[in-house]
J.: 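Pasting a structure here, questions to come.
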Amino acid sequence: QVRLAESGGGSVQTGGSLQLSCKTSGYIFRACEMGWYRQAPGKDRETVAILKDTGTPFYADSVQGRFTISQDYDKYSVYLHMQMLRTEDTAVYYCAALPPLTSDGGRYYGRCGVGYWGEGTQVTVSA
């Protein structure tokens with residue numbers, strides 16, 4: 001059963017734009033903290049952007065000012081608009097619905113449980 005359905009990956013040249021979409025269920029959307037993560041070849045998975053349960057966005061320094069995370073409450077969807085793409089943005093991008101972060105850096109394992117991950121979508125940026 002697919003809990004998170006991603007779409008929008010593809011290939012683009014440096015400086016171009018792409019928008020990723022992630023649709024989930026209403027329960028997961030309301031119970032979890034939605035975010036985007038990525039993993040480049042040979043590297044660890046890293047956080048790209050998160051929408052905290054307060055609605056406040058968090059961005060990795062590497063994408064600050066270039067990427068925008070947003071959500072649609074009616075469609076239970078979260079989006080990642082990426083612009084001014086660089087070759088170093090090439091990676092598999094994952095949508096995730098995770099337990100909310102706590103102030104001490106932990107996670108609150110309530111209704112979200114251990115969270116959910118999408119299957120990933122490839123983003124390739126060429127020079």
Side-chain angles (χ1 to χ4, degrees):
Q1 181 181 1
V2 177
R3 304 293 183 94
L4 300 173
E6 300 144 326
S7 62
S11 297
V12 66
Q13 291 188 320
T14 301
S17 300
L18 283 173
Q19 177 161 294
L20 307 182
S21 301
C22 175
K23 184 174 176 60
T24 187
S25 70
Y27 178 84
I28 291 173
F29 189 80
R30 288 187 293 269
C32 304
E33 213 167 61
M34 303 298 296
W36 290 95
Y37 301 77
R38 69 186 181 186
Q39 187 167 19
K43 296 187 177 181
D44 293 334
R45 188 174 297 185
E46 62 176 355
T47 303
V48 176
I50 299 170
L51 267 174
K52 296 186 175 297
D53 54 358
T54 58
T56 304
F58 166 84
Y59 297 98
D61 289 344
S62 59
V63 306
Q64 181 76 44
R66 300 188 298 121
F67 291 11
T68 303
I69 187 170
S70 62
Q71 59 187 353
D72 186 325
Y73 290 95
D74 293 330
K75 297 181 179 179
Y76 307 134
S77 294
V78 64
Y79 307 96
L80 185 68
H81 181 65
M82 306 181 291
Q83 57 184 1
M84 295 183 286
L85 283 161
R86 305 168 180 169
T87 55
E88 54 263 41
D89 294 319
T90 295
V92 178
Y93 284 70
Y94 297 90
C95 176
L98 298 178
L101 287 167
T102 59
S103 57
D104 61 358
R107 290 193 180 273
Y108 173 67
Y109 293 95
R111 295 179 300 141
C112 186
V114 297
Y116 309 86
W117 287 87
E119 295 183 346
T121 184
Q122 177 71 45
V123 171
T124 302
V125 185
S126 58

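In this text, all values refer to a predicted model and were calculated from it rather than measured experimentally.
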J.: Is the Y73 to F29 ring centre distance short of 6.0 Å?
T.: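 Yes.
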J.: For E119, I'd like to know if atom CD has over 12 heavy atoms of other residues, nucleotides or ligands within 6.0 Å.
T.: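 Check fails, neighbour count at 12 or below.
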J.: Kindly compute the distance separating OG1 (T124) from CG (L85), expressed to the nearest 0.5 Å.
T.: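 It is 10.5 Å, given to the nearest 0.5 Å.
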J.: Quick one: salt bridge (charged side-chain N to carboxylate O under 4.0 Å, His left out) pairs with a partner in residues 59-76, sequence neighbours left out?
T.: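 As it turns out, the salt bridge (charged side-chain N to carboxylate O under 4.0 Å, His left out) pairs with a partner in residues 59-76, which skip direct neighbours, are R66-D89.
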J.: Only counting residues at least two apart or in another chain, list the ones meeting side chain to side chain donor-acceptor pair (under 3.5 Å) with T68.
T.: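 Result, side chain to side chain donor-acceptor pair (under 3.5 Å) vs T68: none returned.
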J.: Just how far is it from atom OH of Y59 to atom CD1 of I50, taken to the nearest 0.5 Å?
T.: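 If I round to the nearest 0.5 Å, the distance is 11.0 Å.
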J.: Which of these, V123, L20, V63, sits in a side-chain contact (heavy atoms from CB on, under 4.5 Å) with L80?
T.: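 Only one of V123, L20, V63 forms a side-chain contact (heavy atoms from CB on, under 4.5 Å) with L80, namely L20.
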J.: Is the side chain of T90 donor-acceptor paired with the backbone N or O of V125 at a distance under 3.5 Å, no angle test?
T.: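 Flag set: sc T90 to bb V125 pair under 3.5 Å.
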J.: Is W36 reachable from V12 through a run of I, L, V, M, F, W or Y residues, each pair having side-chain heavy atoms under 4.5 Å apart?
T.: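 Cluster IDs for V12 and W36 match.
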J.: Does E6 use its side chain to pair, donor to acceptor, with the backbone of G120 at less than 3.5 Å?
T.: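 Pair found, side chain donor or acceptor close to backbone of G120.
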J.: Quick check: closest heavy atoms across G55 and L51, and the distance to 0.1 Å?
T.: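 Taking G55 first and L51 second, the nearest heavy atoms are O-CD2, 3.5 Å.
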J.: First locate atom SG of C112, then atom CE of M34, and finally report the distance between them rounded to the nearest 0.5 Å.
T.: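 If we round to the nearest 0.5 Å, C112:SG and M34:CE are 9.0 Å apart.
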J.: Mind listing the closest non-hydrogen atom pair of H81 and S17 along with its distance?
T.: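 Result for this residue pair: CE1-CB, 4.5 Å.
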J.: What do you reckon, is CD of Q13 surrounded by more than 12 foreign heavy atoms closer than 6.0 Å?
T.: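 12 or below, so no.
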J.: Is the W117 ring parallel, tilted or perpendicular to the Y94 ring (thresholds 30°, 60°)?
T.: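 Geometry flag for Y94 against W117: perpendicular rings.
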J.: Does anything in residues 103-112 form a side chain to side chain donor-acceptor pair (under 3.5 Å)? List the pairs, not counting sequence neighbours.
T.: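 Every side chain to side chain donor-acceptor pair (under 3.5 Å) pair that includes a residue of residues 103-112, provided the two are not neighbours, is T102-D104.
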